[in-house]
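Working notes for the structure below.
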There are 2 protein chains.
Amino acid sequence: MGQSADHLTSNQAQVLRHLRAANAPMTAYQLLGRMQNDRGAVAPPTVYRALKGLEEAGLIRRIETLRAWAPVAAIRPGVVVICDDCGTVRGVEAPSLLESLHQRLAAEGFAEARQTIEVHGRCGDCAEDRA
Amino acid sequence: MGQSADHLTSNQAQVLRHLRAANAPMTAYQLLGRMQNDRGAVAPPTVYRALKGLEEAGLIRRIETLRAWAPVAAIRPGVVVICDDCGTVRGVEAPSLLESLHQRLAAEGFAEARQTIEVHGRCGDCAEDRA
DNA sequence: GAGATATACGTTATAGTATAACATAGCGCA
DNA sequence: TGCGCTATGTTATACTATAACGTATATCTC
Ligand SMILES: [Zn+2]
Ligand SMILES: [Zn+2]
Ligand SMILES: [Zn+2]
Ligand SMILES: [Zn+2]
């Protein structure tokens, strides 16, 4: 069930290690490939189960717009910012912004349960590189 | 290339008709099934090409969190609000919210290109039904 | 200790989503 | 007429995710 962050299984730890070592989100099948390199035969459910546990533990997120996974901590409501040049992803806290969205929708009778906010663009470092 | 809304191909019109007739987003393969009912043999690229054209024309959006497609008009940066009970999706304008997010990220040197904002929850009608 | 439950893991197969690549047909027009 | 452009058809394949079943192990309970 809801896994707490202090007790990862070895599959989970291995997946998390790979995600943290990467500088961009990885697809499930990229992770699968890495694990097969490490250990030989590994099947997709092994990866997906680890991803599910890590997500429930708040250690990773699926980046919906990339169909990939990133070790973005559970800034929980939060904004994910993605550089389309270098691939880096980071979480940004924006409580007041999300609160105003919440108010806005509540006023219309909508009971908000969760949001996905992903922003694409170019990060500062990559902008400098172009300059 | 960039299709303008006033000249849809017949495949695009057919896909759009089905999306508008539905009260919830449809997956590409649901659309494929409908088109096969209508016309016999239809293959996935037919559907995906129509979806691409409609998206470029600003007539539909892919709902990333549902991996499905909805006729949400081109509220063009906008928030998509999804009721997880009845499945309805609608676009909400929130210019000031997006502007403040833009400012926030610009201050950190991030040049924003596009956002995906999807909010899940329960709509007013469904809340009443539960009451 | 036997049996019941729960969790993780392995393994096979399959479902579901999306695109590559190549062929054909029609149209506008040099 | 021949060329470029767009849309479409068609086949095959790539990519993403889960169902279903079996096994091992730990933990609890009687
Ligand atoms: Zn490794
Ligand atoms: Zn960058
Ligand atoms: Zn129809
Ligand atoms: Zn509803």
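Residue numbering restarts at 1 for every chain, and letters A, B, ... go by the order of the sequence lines.
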* To do: For A68(B) and for R49(B), locate the closest nucleotide of DNA chain C by heavy-atom distance; then report the residue assigned to the nucleotide nearer the 5' terminus.
  => A68(B)

What is the distance from [atom1] of [X] to [atom2] of [N], rounded to the nearest Å?
X: I63(B); N: dT17(C); atom1: CD1; atom2: C1'; result: 16 Å
X: E64(B); N: dT16(D); atom1: CD; atom2: P; result: 14 Å
X: Y48(B); N: dA21(C); atom1: OH; atom2: P; result: 18 Å

* To do: Would you indicate whether the side-chain heavy atoms of L97(B) and S100(A) approach each other to under 4.5 Å?
  => yes

Verify the contact: side-chain N or O of [X] to OP1 or OP2 of [N], cut-off strictly under 4.0 Å; return yes or no.
X: N11(B); N: dA7(D); value: no
X: R62(B); N: dA18(C); value: yes
X: T9(B); N: dT8(D); value: yes
X: T27(B); N: dT17(C); value: yes

Under 3.5 Å, which donor-acceptor pairs link side chains of residues 34-45 of chain B to any protein atom two or more places apart or in another chain?
| residue | atom | partner | partner atom | Å |
| --- | --- | --- | --- | --- |
| Q36(B) | NE2 | V42(B) | O | 2.9 |
| D38(B) | OD2 | Q14(B) | NE2 | 3.0 |
| D38(B) | OD2 | H18(B) | NE2 | 3.3 |
| R39(B) | NH1 | N11(B) | OD1 | 2.8 |
| R39(B) | NH1 | Q14(B) | OE1 | 3.0 |

* Asked: With centres under 5.5 Å and planes under 30° as the test, does Y29(B) stack with dT17(C)?
  ->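 It does: the two rings, one from Y29(B) and one from dT17(C), meet the stacking criterion.
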
* Asked: For residues 39-46 of chain A, which residues have at least one heavy atom under 4.0 Å from DNA chain C?
  ->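 Result for residues 39-46 of chain A: R39(A), A43(A), P45(A), T46(A), sorted by number.
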
* Asked: Any chance the side chains of T116(A) and E64(A) put a donor and an acceptor closer than 3.5 Å?
  ->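 No, because no side-chain N or O of T116(A) sits under 3.5 Å from a partner of the opposite role on E64(A).
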
* Asked: Which residue lies toward the 5' end of DNA chain D, S10(B) or R67(B), if each is placed at its nearest nucleotide?
  ->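 Its nearest nucleotide being more 5', the pick is S10(B).
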
* **CA sep, side-chain torsions, deciding dist, call: E118(A), R61(A), salt bridge (Lys or Arg N to Asp or Glu O under 4.0 Å)** => CA-CA 11 Å; E118(A) 299 178 7; R61(A) 291 185 61 161; 5.2 Å; no

